[in-house]
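Worksheet for the structure shown next.
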Amino acid sequence: MPTVRQGIVDAINELNKVLPAIANEPSFPMLMLQRSRLQRQLIFVLSDTLTGSNDDLSDALSALQEVIATAREAQQDIDQVQRVMSKITKAIKAVEKVVDGIKEIV
């Protein structure tokens, strides 16, 4: 069964593969910032109790899977980077719903 922790780790790993391809693109700093936000969320997920409803948890897992899939597409087509960033924003918000106290730091 997929977990939020594993979803975040997988999303970060896929983003790490996209970043070198866009190092000279204007979107690079924003993608770095979003990856950093996911990394901070991972710290919370590792040390806190997930509190959202089952629907919230399912939404977070789905949003993270969308990030992973879109990041994989972006590895082949850098025109997909804007879609990746949109998916990350959605995933970050979804994870916030299931982790206590995360909004204070992220």
Side-chain angles (χ1 to χ4, degrees):
M1 175 175 197
T3 64
V4 172
R5 177 189 53 82
Q6 189 61 52
I8 294 173
V9 168
D10 290 348
I12 290 168
N13 287 337
E14 293 303 323
L15 292 174
N16 286 339
K17 295 173 186 174
V18 173
L19 286 165
I22 65 162
N24 295 319
E25 299 290 325
S27 55
F28 182 78
M30 180 56 86
L31 195 58
M32 290 285 294
L33 177 64
Q34 287 183 312
R35 183 189 65 173
S36 178
R37 289 183 73 191
L38 285 172
Q39 290 169 326
R40 288 191 306 265
Q41 282 189 327
L42 179 60
I43 292 167
F44 268 82
V45 169
L46 291 174
S47 63
D48 204 359
T49 303
L50 301 182
T51 60
S53 70
N54 285 338
D55 288 342
D56 289 341
L57 189 56
S58 178
D59 289 347
L61 290 169
S62 293
L64 288 164
Q65 290 303 313
E66 287 178 24
V67 170
I68 294 164
T70 309
R72 287 180 179 152
E73 291 173 19
Q75 291 169 32
Q76 305 302 318
D77 179 8
I78 63 169
D79 291 334
Q80 297 294 320
V81 171
Q82 291 300 323
R83 284 188 58 228
V84 173
M85 291 191 294
S86 174
K87 301 290 183 181
I88 294 170
T89 299
K90 179 181 173 186
I92 287 168
K93 290 177 183 177
V95 172
E96 284 176 353
K97 290 182 180 179
V98 296
V99 181
D100 263 350
I102 201 167
K103 287 184 183 176
E104 288 88 34
I105 193 131
V106 177

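The first residue in the sequence is number 1, and the count goes up from there.
Judged by distance alone, with hydrogens and angles left aside, the side-chain atoms of Q41 form a donor-acceptor pair with the main-chain N or O of I92 at under 3.5 Å. Remark: the backbone N or O of S58 is paired with a side-chain donor or acceptor of S62 at under 3.5 angstrom. Side chain of Q34 to backbone of M85: a donor-acceptor contact under 3.5 angstrom is found.
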> K93 and E96: salt bridge (Lys or Arg N to Asp or Glu O under 4.0 Å), yes or no, with the steps?
Replying inline: CA-CA 5 Å; K93 290 177 183 177; E96 284 176 353; over 6 Å; no
>> Evaluate V4 against V95 for side chain to side chain contact (heavy atoms under 4.5 Å, CB included), listing each step before the verdict.
In response: CA-CA 8 Å; V4 172; V95 172; 4.3 Å; yes
>> Using side chain to side chain contact (heavy atoms under 4.5 Å, CB included), reason through L38 and L42 one step at a time and then give a plain yes or no.
In response: CA-CA 6 Å; L38 285 172; L42 179 60; over 6 Å; no
> Do L31 and V84 pass the side chain to side chain contact (heavy atoms under 4.5 Å, CB included) test, and can you show the C-alpha distance, the side-chain angles, and the key distance before you say yes or no?
Replying inline: CA-CA 8 Å; L31 195 58; V84 173; 4.1 Å; yes
>> Run I43 and L46 through side chain to side chain contact (heavy atoms under 4.5 Å, CB included) and show every step you take.
In response: CA-CA 5 Å; I43 292 167; L46 291 174; 5.7 Å; no
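Note that CG of D59 is 11.0 Å distant from CG of L64, once rounded to the nearest 0.5 Å. Here I8 contributes atom CD1 and R37 contributes atom CZ; the two are 12.0 Å apart, rounded to the nearest 0.5 Å. Rounding to the nearest 0.5 Å gives a distance of 14.5 Å between CD of Q80 and CZ of R72. Summarising the geometry, atom CE belonging to M30 is positioned 9.0 Å from atom CD belonging to Q82; distances are rounded to the nearest 0.5 Å. In this structure, Q65 CD and T70 OG1 are separated by 10.5 Å, a value rounded to the nearest 0.5 Å.
Among the candidates M32, R35, Q75, the single residue satisfying the side chain to side chain contact (heavy atoms under 4.5 Å, CB included) test with L15 is R35.
When the shell of 6.0 Å around CG of N54 is examined, it contains 12 or fewer heavy atoms from other residues, nucleotides or ligands.
Residues V99 and F44 come closest through the heavy atom pair CG1-CB, 3.7 Å. For the residue pair I22 and S27, the shortest heavy atom distance occurs at CD1-OG, 3.9 Å. A pairwise comparison of heavy atoms in A63 and A94 identifies CB-CB, 4.1 Å as the closest pair. Shown here for V67 and A11, the closest heavy-atom pair between the two residues is CG1-CB, 3.8 Å.
A continuous path of ILVMFWY side-chain contacts below 4.5 Å connects L61 to I88, so both sit in one hydrophobic cluster.
Using a 4.5 Å heavy-atom threshold, the side chains of E25 and V81 count as separate.
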